[in-house]
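In what follows, a single structure is set out as structure tokens and then discussed.
Counting starts at 1 for both ligands and their atoms, following the listed order.
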Amino acid sequence: MSERRIVVRIITQLVACLVFSAALLAQAKQGADLLVSGGIVVTMDGKRTVYQDGSVAIKGDAIVAIGPRTEVEARYKGVVIDARGRLVLPGFINGHTHVPMTLFRGLHDDVTLNDWLYKYIFPAEAKNVNEEFVRWGTRLAAAEQIRSGVTTFADMYYFEDAVAEETKAAGMRGVLGETFIDFPAPDNKSEAEMLAYTEKFLKRWQGDVLIHAAPAPHSIYTCSKKTLEDATALARKYHAPILIHVAEMKKERDDSEKVNGMSPVQYLDKVGVLGPDVVAAHCIFVDEADRKLLAERQVGCVHNPSSNMMLASGVAPLEEMRAAGVAVGLGTDGPAGSNNDLDLMEEIDLAAKLAKVTKMDPLALNAKAVVEMATIDGARALHMEKEIGSLEMGKKADLVLISLDEPNAVPMYDVYAQIAYSLKASDVETVVIGGRVVMRDRKLLTIDEPRVLEKAREYGKSVKASLGME
Ligand SMILES: [Zn+2]
């Protein structure tokens, strides 16, 4: 055999060996359903790790790997979503809203909360809200929320079972509270009916991966002690969360001091409501003793800056609450009369700026803190931090891809400042919830958007007519 032929044979054998090893390696790669690869991955994990060229591997509804792209891609194969030039973040958590009220958006603004509730919205609801209304309002809200990167929301309304069905159909995650209120509501006319409806609702959704059903006693100013106790007992029987408005206006606090001889927070504790399953919206009028109690009872709180500003309700003592150890998330509140949209990225921006102007201190509540409130702290406030709120192995695959190829997105020096102050809801491109892509390149995949918009316009006309506004 000539020397040349020996060299050729050796090279051939080496190549074959390499090909075989590569094939073995490829075989050793584990299967993932989805690989979100190449983006700047902002994990919001305990160390607040950011991967500049990162990748997230998803199998089923959960994250199976996260890390530098080269490492994850070496171990996993699957359908790739190219995230280059984009931020990859945990989906935003809207901790407090009333989604079907999208259909009342802009109906009556520039009034006090008390007038808005009693003069306008309660009568409008009595005339218009039925199950079909709630379904279309929820579909509209799902479209709006997915477009702004929201993957989980906490809701309080009527016909919440229909809200749950539509939320699940849209592929969103929801903590959905059926309202208890001491007057005939659009769905249930008495407390007995409310209890029966809610018990059935809680039973139906037990164990569902996307839907967490809950009782939602509206507030201490619309619910008697008995209603609060009954709603609480029902929640505890089914290990469900409790959603409630707490200390959201000065009148509520003053009345509670007068009638109960104590603050709303102390009263709720006395009645037995407060606990590690409670999500309290607003918490504006909470003094030092209240904050201590909220932390001790592990109540989650939700700050709603747009709503608090629009209704001139006041400013929640956020930094004091966080310092006391209270988990505080962010919410939009209702899309009617108190915001009027469901854009959580706007709340991130406003939460920081409202805190700064209130304290007359630009160092108050920095960008990273407000991004935490929209993600991991929002999850803690909903008592769901084991499932969502950060991108970590084992957690649900709820994530958003935000374009950095926008005039308002360049250049970027600090990723948290960019999210808080520069990026907008319209920069959200792709949204994945529980491993399912619900928006791809700004196209909604689970909602018939043109039809929903058309129906919303129709509802606008019928609501106006019902109130003699034409
Ligand atoms: Zn509210």
Greater than 12 external heavy atoms within 6.0 Å of Lys424's NZ: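 Yes, enclosed.
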Centroid-centroid distance, Phe133 to Phe104, less than 6.0 Å: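 Ring-ring flag for Phe133/Phe104: true, centres closer than 6.0 Å.
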Residues Arg291, Asp287: salt bridge by 4.0 Å N-O rule: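 Answer for the salt bridge query: no.
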Vertex the Zn ion (ligand 1), arms to His98 NE2 and His96 NE2, rounded to 10°: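 About 100° at the Zn ion (ligand 1).
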Ile284 side chain reached by His303 side chain, heavy atoms, under 4.5 Å: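 A side-chain contact under 4.5 Å is absent here.
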Heteroatom test (N, O or S) for Asp333 near the Zn ion (ligand 1), limit 2.8 Å: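 So Asp333 counts as coordinating the Zn ion (ligand 1), yes.
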N/O/S atom of His245 inside 2.8 Å of the Zn ion (ligand 1), strictly under: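 Yes, within the cut-off.
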